[in-house]
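Single-structure report; data block below.
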Amino acid sequence: MTTAARPDLPKTYDPAEIEPRLYARWLAMGVFHEEPDPARPPFIISMPPPNITGRAHLGHGSTYTAMDVLTRYHRMLGENADWLPGQDHAAIATEAVLVRELAKEGLSRDGLGREKFLERAWAWREQYGGEINEAFKVLGFGPDWERERFTMDPGLSAAVIKVFCDLYDDGLIYRGTRLVNWDPVTQSTLSDAEVEDEERDTSLWHIRYRGEDGGEGVVIATTRPETYLADVAVAVHPSDARYAHLVGKNVVLPIVDRAIPVIADEAVLADFGTGAVKVTPAHDQTDYEIGQRHDLPMPTVIDFDARVTAPLWRYDEKPERRAPIDAQAPRMTAYAGLDRFDARKRIVEDLRALGALVQEQPYRTKLPLSSRSRAVIEPLLSLQWFVTMKPLAEPALEAFRRGSPRFVPERFGRTYAAGLENIRDWNISRQVWWGHQLPVWYTANDDVVVAPDENEAKRIARERYGTDELRRDPDTLDTWFSSGLWPFSILGWPERTTELEHWYPNQVMVTAREIIFLWVMRMVMLGLRFVGRVPFDDVFVTPLVFDLHGRKMSKSLGNGIDPTTDLVPKYGADGTRLGILRQMRLESQELRFDERFCDEAKRFGTKLWNALRYTLALPEGLPGANVLPRAESLTVADKWILTELRACVETVTHAYDGYALGVAADALLQFGWYTFCDWYVEATKAPGQEASRGAVLSFVLNAFARAMHPIAPFLTEEIWQTLPHDGATIVTASWPDLAEIPSFPEDAATFHTVIEKVEQLRNARSEWGIQPKDWMRVEIPASLEPERGVVESLATLARAQIATYDGGDGTLRDRILAVRGVADTAKLRERYTREAARLESEVARSEKKLANEAFIAKASPDVVAAERAKLDEYRRELARVREALGALGD
RNA sequence: GGGCGGCUAGCUCAGUGGGAGAGCGCCACAUUGACACUGUGGAGGUCAGAAGUUCAAUCCUUCUGCCGCCCACCA
């Protein structure tokens, strides 16, 4: 047991001084570190690794605070709790940052060369990659820093290579030419999940393609007129009578005078646009599929810089075999080298001049944007590596049908399952250098060798192809390929480590909704395949953070908030955390961040701090930690606050268990401020409370601090340390045990009546305009006589003199407490008149209800009895108010 | 087009099949020692609209409207 160390506390709790000091102490004590311990139940969370380019934002404030709270809670429960941190190399994002840095020095990536570029990248990572960890420390997060991992650590890289090789050997990774999402800014492909749609105003251009026979031909509608140069057909719906006569005939592309066939395909919607659609297989996903079905050629007209090429060319895996299609080249030269959007303007003008542009109709469409660069994605043919997803998705779906993982809130499980059901092959190769280079080599004849390292590749090549002259594929893997292994790669997989044995699967994955497709699905699929189990029992999906007006937070809108620089200096880490959690609702999908909650949370901290000061300043001093007097020595107020404390701890425990962090935060604030400070602390100032109050205040604060510690780690540590306590730090203290907290329901009810009386008194004083200097005489029921001192004390503001009456259980308001000559009679009358009207309407409502035979017959007896009791009460009150009104005279 | 969430006091949000809640803001009052980063009281709402189920609906069902999100090959 340690006694109170510092009797002279400042009036205000100062987070700026206290928080860094406590965090440093926790680190020195190693409280966040755990070793696998089969004797205790595990509680493991793998931290979603932030990008090394990342900065703290409010998303971390919600999602990562939730993880910290859960880990701290389960640690206090005595579980083998560990939060495993790390970082993601964020291939494209990081490379973009590096390219910008180099540009400032007048350097380019290609000029520097791969080796030098990667040296720079690692140096950058060393220098800036840990910044977000500092932010996390400022926020009080306590992951197991000793276990920090990076997706490009040797161990994790080995896991990546093994997974690639195994999937390749199993025939689930293939190389092929497909239409991919090309980001012309970062010069790399993106997976479907990395493409975001954004609505933009544009036009729908209607263009006439005349018949080859000189007829009217057909009018197509398009949002991308610049790609018409590479059209290979016009498609209509098979049952569209308007165009049936044209199917099988040719129409002619304007300007370039190239003839293309009209074909019928189910994918065309007869009621959209003109019902006829141009088919450009090399630049549109739907068209690509139509092209495949009809075995159409796939000429390309836009290059990897998003410029129009002239002439057209035919994509080939080997650049030297890419053949120009120069038949129409002379007529296209005007567009050669133009950016796709400039080309669009020129082509529209030229078509208009030619009379081929039938109509230009304003139109709002969704543009595919790169989530990395915000550039408009260009669908392009390219030779890339893919993962066949269906065989991976099937076991994941089966597991989900058996209930694993469990989603909280449950509805996100349906989103997840729908994603698995509609899964498409995953493009995993990226044309950046920063990342895991594909373990793929080619012979001079383009024979493919996949191997974990170069020596093994050479051995295989010699054996199979009689050569060890190899060149390695320059591409790297999609960042999500390595993060998809996260929950097991950070535990040492493929080695069979103790950590992997005891800590896989994790108990919960906490993440945001938008990551379900990008990440959660892939972790499950890969975890199932390579470790044989779903990597986590629960997936807790936290709400997305928006600003007060419901707009997404973003740098460009200028409404982004960095909690460490924008909130912690103002409210402290505790205030920031509590303020955010108070707004987190389990079933809600968005959180409109309102800073007022942080302000409230900070003031709550000060309030508790002062309750602590009050407790420490008690003249009679404090007993040892968690020592309560025997029940006979406790006052009614003591028994009430202990009962309330127990209820609070119970609520908070259930809330944490169900991930309802907002409910836990509410309950703690409600109890701490309004129940404990406003009523109990005040009550202890009444005469007759001295004998027990020190012990009870100390006991309640100690238990309350522990219950609130997961949410507000610093303040609660400081309170706990200052009061008598057992142990070195609250971080490893035990969760309040309900069995330790006595409960006295009957006494609690009595004190509840005290509160009601006092509130009525205060209300009366205020409503009736009783001046501070004036006193009024009030009466309380005989049953409260023993608590007279408390009522008197709490009612001090009302300047009340207490008398006892024995008239049953009537309320104070009705008794009217002889107000002698001090109250404003007019105000009193007004008040009573209003009160009488209210009671009359309540009586009428209740009478009507009870007169309803159906109600009596069908409602449950409890409800009917309660309604009768209410009616009696209303009638009694009404009679008293009327009596009082009469007594007022004129 | 499909799916999902929301609509409760000026603002941000809890909540419940049976007498509408919190914080902030607003108004009034209170400064003799835990705290002015305070305390006390008050005003303020046809619980989006309509229909249905029910003895009883803000809550359950259906429809409508508006806001938002996700998915999908509407050029």
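The shown structure was predicted, so the numbers you read here are calculated from the model rather than taken from an experiment. Proteins get letters first, then strands, A, B, ... in listed order; numbering begins at 1 in each. Values below: all heavy atoms of this structure, side chains included; hydrogens, waters and symmetry mates excluded.
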**Study point:** Short side-chain N/O contact to B/A75 OP1/OP2 from A/Thr365, under 4.0 Å
**Key:** yes
Point to revise | Integer angstrom distance from the C1' of B/C26 to that of B/G45 | key: 16 Å
Point to revise | Sequence-distant partners of A/Asn610, side chain to side chain donor-acceptor pair (under 3.5 Å), two or more places apart | key: A/Arg613
Review point. Any donor-acceptor pair under 3.5 Å between the side chain of A/Lys366 and the base of B/A75?
Key: no
Practice item. May I ask you to verify if any side-chain N or O of A/Arg603 is less than 4.0 angstrom from the OP1 or OP2 atom of B/C24? Key: yes
Review point. Roughly how many Å is it from CD in A/Glu196 to P in B/C69, rounded to a whole number?
Key: 12 Å
Exercise for review: Tell me what A/Ala611 touches on the nucleic acid: a base, only sugar-phosphate, or nothing, going by heavy atoms under 4.0 Å.
Suggested key: base
Between side-chain atoms of residues 269-283 of chain A and protein atoms elsewhere (two or more places apart, or another chain), which donor-acceptor pairs fall under 3.5 Å?
| residue | atom | partner | partner atom | Å |
| --- | --- | --- | --- | --- |
| A/Thr274 | OG1 | A/Val219 | O | 2.5 |
| A/Thr274 | OG1 | A/Ala276 | N | 3.3 |
| A/Thr274 | OG1 | A/Ala276 | O | 3.4 |
| A/Lys278 | NZ | A/Thr227 | OG1 | 2.6 |
| A/Lys278 | NZ | A/Asp231 | OD1 | 3.0 |
| A/Lys278 | NZ | A/Thr280 | OG1 | 2.9 |
| A/Thr280 | OG1 | A/Asp231 | OD1 | 2.7 |
| A/His283 | ND1 | A/Pro379 | O | 3.3 |
| A/His283 | NE2 | A/Val301 | N | 3.0 |
| A/His283 | NE2 | A/Ile302 | N | 3.3 |

Practice item. Ignoring hydrogens and angles, answer whether the base of B/A14 and the side-chain atoms of A/Gln670 contain a donor-acceptor pair closer than 3.5 Å. Key: no
Atom pairs under 3.5 Å: protein N/O with N/O of nucleotides 60-62 of chain B:
none

Review point. So what does A/Glu289 touch, heavy atoms closer than 4.0 Å: a base, only the sugar-phosphate, or nothing?
Key: nothing
Point to revise | A/Arg592 side chain near B/C13 phosphate (N/O to OP1/OP2, under 4.0 Å) | key: yes
**Study point:** No-H, no-angle donor-acceptor pair, A/Lys11 side chain to B/C35 base, under 3.5 Å
**Key:** no
Check your understanding: Say you pick atom P in B/U58 and the same atom in B/C7; how far apart are they, in whole Å?
Key -> 15 Å
**Study point:** A/Phe597 CZ to A/Gln583 CD distance, which is reported to the nearest 0.5 Å
**Key:** 5.0 Å
Review point. Contact class for A/Lys570 (heavy atom, under 4.0 Å): base, sugar-phosphate, or nothing?
Key: nothing
Review point. If we take the P atom in both B/G10 and B/C47, what is their distance in whole Å?
Key: 13 Å
Check your understanding: P atom, B/C55 versus B/G1: distance in rounded Å?
Key -> 39 Å
**Study point:** Atom-pair distance (CG on A/Asn422; P on B/C73), nearest Å
**Key:** 9 Å
Review point. Could you state the CZ-C1' distance from A/Arg411 to B/G68, rounded to the nearest angstrom?
Key: 12 Å
**Study point:** B/G44 to B/A9 separation - P atoms, rounded to the nearest Å
**Key:** 14 Å
Exercise for review: Test for a donor-acceptor pair under 3.5 Å between the base of B/C11 and the side chain of A/Arg596, counting only N and O atoms.
Suggested key: yes
Practice item. Using whole Å, report how far CD of A/Gln589 lies from C1' of B/C4. Key: 7 Å
Exercise for review: Find the distance A/Glu756:CD to B/G41:P and express it as a whole number of Å.
Suggested key: 13 Å
Check your understanding: Between B/G39 and A/Trp679, is there an OP1 or OP2 to side-chain N/O distance shorter than 4.0 Å?
Key -> no
Point to revise | C1' spacing across the pair B/G21 / B/U16, given as an integer number of angstrom | key: 10 Å
Review point. Within the structure, does a side-chain N or O atom of A/Lys848 lie under 4.0 Å from either OP1 or OP2 of B/A56?
Key: no
Point to revise | Touch class at under 4.0 angstrom, heavy-atom based, for A/Glu600 against every strand present | key: sugar-phosphate
Exercise for review: Using distance alone, with no hydrogens and no angle criterion, decide if A/Thr223 and A/Thr365 have a side-chain donor and acceptor under 3.5 Å apart.
Suggested key: no
Just the atom pairs and distances: protein N or O near nucleotides 42-45 of chain B's N or O, under 3.5 Å.
| residue | atom | partner | partner atom | Å |
| --- | --- | --- | --- | --- |
| B/G42 | OP1 | A/Asn763 | ND2 | 2.8 |

Point to revise | Watson-Crick or G-U pairs under 3.5 Å in RNA chain B, rendered as dot-bracket with [ ] for crossing pairs and | for another strand | key: (((((((..((((....[..)))).(((((.......))))).....(((((..]....))))))))))))....
Review point. Using atom P of each nucleotide, how far apart are B/A28 and B/A14 to the nearest Å?
Key: 32 Å
Under 3.5 Å, which protein N or O atoms sit close to an N or O of nucleotides 15-18 of chain B? Give each pair with its distance.
none

Check your understanding: Is the A/Phe704 to A/Phe671 ring centre distance short of 6.0 Å?
Key -> yes
**Study point:** Centroid-centroid under 6.0 Å between A/Phe593 and A/Phe546 rings
**Key:** no
Review point. Is A/Lys685 positioned over the aromatic face of A/Tyr614, cation under 6.0 angstrom from the ring centre and no more than 45 degrees off axis?
Key: yes
**Study point:** Whole-Å gap separating C1' (B/C24) and OH (A/Tyr571)
**Key:** 12 Å
Check your understanding: Just how far, in rounded Å, is P of B/C37 from CG of A/Leu715?
Key -> 18 Å
Exercise for review: Answer with base, sugar-phosphate or nothing: what part of the nucleic acid does A/Tyr228 contact at a heavy-atom distance below 4.0 Å?
Suggested key: nothing
**Study point:** Pairwise P distance for B/A56 and B/G42, with rounding to whole Å
**Key:** 34 Å
